[in-house]
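One structure below.
Just so you know, these numbers come straight off a predicted model, no measurement behind them.
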Amino acid sequence: QVQLVESGGESVQAGGSLRLSCVASGRTFSIRAMGWFRQAPGKEREFVAAITWSGSTTYYADSVKGRFIISRGNAKNTVYVQMNSLKAEDTAVYYCAGRNRDRLSSQFNDYEYWGQGTQVTVSS
């Protein structure tokens, strides 16, 4: 069993920054990769970024490349996404996800563990 808990979502102005955190607990030894997804009202869940459990490899959606950074924390059960130059279209519920395979993926069905989400609202 793996539990993922996100935090850090809040309302910010366009152009601002936020850092979201995800803390994994339980049988974390089974996790090989972590990802961030987001879902806006009326839209499908979409990929944001992913990172190997070791932190050695990252993968970003084109929509956030150059603005967002995914990383592992000093506490190795923690994953962050630093979000810079935020835009109104970044408004969504952001979900942390984990999978038991080392290959990074943008497909939500490839991830086995999910957090409950944290709301990010970007106003103009």
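- Counting heavy atoms from C-beta outward, T121 and V12 have side chains that stay 4.5 Å or more apart.
- Applying the salt bridge (charged side-chain N to carboxylate O under 4.0 Å, His left out) test to residues at least two apart or on different chains, none of the pairs has a partner in residues 92-115.
- Pairing each heavy atom of L104 with each of A33, the nearest pair is CD2-CB, 3.7 Å.
- A distance of 6.0 Å or more separates the ring centres of W36 and F68.
- Hydrophobic clustering places V120 together with I69 (ILVMFWY residues linked when any side-chain heavy atoms are closer than 4.5 Å, directly or through intermediates).
- Legend: side chain to side chain donor-acceptor pair (under 3.5 Å) pairs involving residues 79-94, not counting sequence neighbours, sorted by first then second residue: S17-N84, R38-D90, R38-Y94, R67-D90, Q82-N84.
- Rounded to the nearest 0.5 Å, atoms OG (S25) and CD (Q3) are 4.5 Å apart.
- Rounded to the nearest 0.5 angstrom, S105 OG and Y111 OH are separated by 5.0 Å.
- Of the inter-residue distances, the one linking Q116 atom CD with C96 atom SG reads 11.5 Å to the nearest 0.5 angstrom.
- Across all their heavy atoms, L86 and L18 have their closest contact at CD1-N, 3.9 Å.
- T28 contributes atom OG1, which lies 9.5 Å from atom CE of M34 (distance to the nearest 0.5 angstrom).
- Taken from CZ in R19 to CE in M83, the straight-line distance is 11.5 Å, to the nearest 0.5 Å.
- Grouping the Ile, Leu, Val, Met, Phe, Trp and Tyr side chains by contacts below 4.5 angstrom, directly or via other members, places V93 apart from V48.
- A40 and A92 get closest at one heavy-atom pair: N-CB, 3.9 Å.
- The backbone N or O of T118 sits nowhere less than 3.5 Å from a side-chain atom of Y95 that would complete a donor-acceptor pair.
- Considering CZ of R45 and CG of N109, their distance stands at 10.0 Å, rounded to 0.5 Å.
- The shortest heavy-atom contact between L4 and A24 is CD2-CB, 3.5 Å.
- With ring centers used as reference points, F47 lies under 6.0 Å from F37.
- Of all heavy-atom pairs between V2 and S30, the closest is CG2-OG, 4.0 Å.
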